[in-house]
Amino acid sequence: MGAILTGYRLEDTIRLAIAAGNDLAMICHRIPEIENVHRILGTLPRKQIDRALKSVARFKKNLTPPDQFSQAAFRKIDSEIQDLRVAVLGEERAATPNAEDGKRSPVERY
């Protein structure tokens, strides 16, 4: 995250995160850094890498496949979200588009 990277270099961030027990390092909106992160991960102690890999493997074993996409289910959820919007904002404000509506990601600018 930008808040972390303003205080630490990328390499320090990755090293500290894995040393602290994190199993994954998510690289968002920094696609050019992926090869650099791969290099950094390759320099970490094997014990840390093995621990993280085992943890991720355990997690993956317990995953269940996602529900199959359903247009009807999507419409139902979309309707529930709209109902919540009306409940929070009121009918008139809920019908007025917000300047933030439609933006792809709150972290795009980072």
Side-chain angles (χ1 to χ4, degrees):
M1 289 179 56
I4 294 169
L5 288 175
T6 57
Y8 297 94
R9 295 177 312 133
L10 177 63
E11 185 160 347
D12 296 332
T13 300
I14 300 298
R15 289 181 184 287
L16 289 168
I18 301 299
N22 289 282
D23 302 323
L24 301 171
M26 295 179 66
I27 310 301
C28 303
H29 302 289
R30 293 183 185 269
I31 303 302
E33 292 291 352
I34 290 175
E35 288 181 15
N36 188 26
V37 171
H38 188 263
R39 180 195 57 75
I40 294 166
L41 290 170
T43 66
L44 297 179
R46 190 72 223 173
K47 187 176 180 179
Q48 289 179 356
I49 298 297
D50 289 343
R51 179 205 46 80
L53 289 172
K54 285 178 186 172
S55 180
V56 170
R58 274 192 313 273
F59 175 79
K60 288 169 85 174
K61 270 190 201 178
N62 294 321
L63 285 177
T64 57
D67 295 334
Q68 190 166 2
F69 177 78
S70 158
Q71 189 70 252
F74 174 81
R75 285 192 185 116
K76 180 178 182 290
I77 293 169
D78 190 50
S79 176
E80 290 170 357
I81 291 169
Q82 180 60 26
D83 291 346
L84 180 60
R85 183 178 171 111
V86 170
V88 171
L89 299 175
E91 195 80 41
E92 188 176 323
R93 281 187 62 210
T96 304
N98 183 307
E100 296 295 311
D101 289 351
K103 287 194 175 176
R104 290 181 30 209
S105 169
V107 297
E108 253 180 20
R109 62 181 171 238
Y110 300 106

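Rounding to the nearest 0.5 angstrom, the gap separating the CZ atom in R58 from the CG atom in L53 is 11.0 Å. Within the model, atoms CG of L10 and CD1 of I40 stand 4.5 Å from one another, a figure rounded to the nearest 0.5 Å.
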Let me have the donor-acceptor pairs involving side chains of residues 66-76, under 3.5 Å, with sequence neighbours excluded, atom names and distances please.
unit_1	atom_1	unit_2	atom_2	d
S70	OG	A72	N	3.3
S70	OG	A73	N	3.1
K76	NZ	E80	OE2	2.6

Which donor-acceptor pairs under 3.5 Å do the side chains of residues 15-25 make with protein atoms, sequence neighbours left out?
unit_1	atom_1	unit_2	atom_2	d
R15	NE	E11	OE2	3.3
R15	NH2	E11	OE2	3.0
R15	NH2	T43	OG1	2.7
N22	ND2	A17	O	2.9
D23	OD1	R51	NH1	2.6
D23	OD2	S55	OG	2.6

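Note: the hydrophobic cluster containing I31 also contains V37 (ILVMFWY, side chain heavy atoms under 4.5 Å, direct or indirect links). V86 and I81 fall into different hydrophobic clusters, where Ile, Leu, Val, Met, Phe, Trp and Tyr are joined by side-chain heavy atoms under 4.5 Å apart, directly or via other members.
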Stepwise side chain to side chain contact (heavy atoms under 4.5 Å, CB included) check, L44 with L41: CA-CA 5 Å; L44 297 179; L41 290 170; 3.7 Å; yes
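Of the listed residues (E91, R85, E92), just one forms a side-chain contact (heavy atoms from CB on, under 4.5 Å) with L89, and that residue is R85.
A search for salt bridge (charged side-chain N to carboxylate O under 4.0 Å, His left out) contacts involving D50 returns R46, not counting sequence neighbours.
Atom CZ of R39 is surrounded by more than 12 heavy atoms from other residues, nucleotides or ligands within 6.0 Å.
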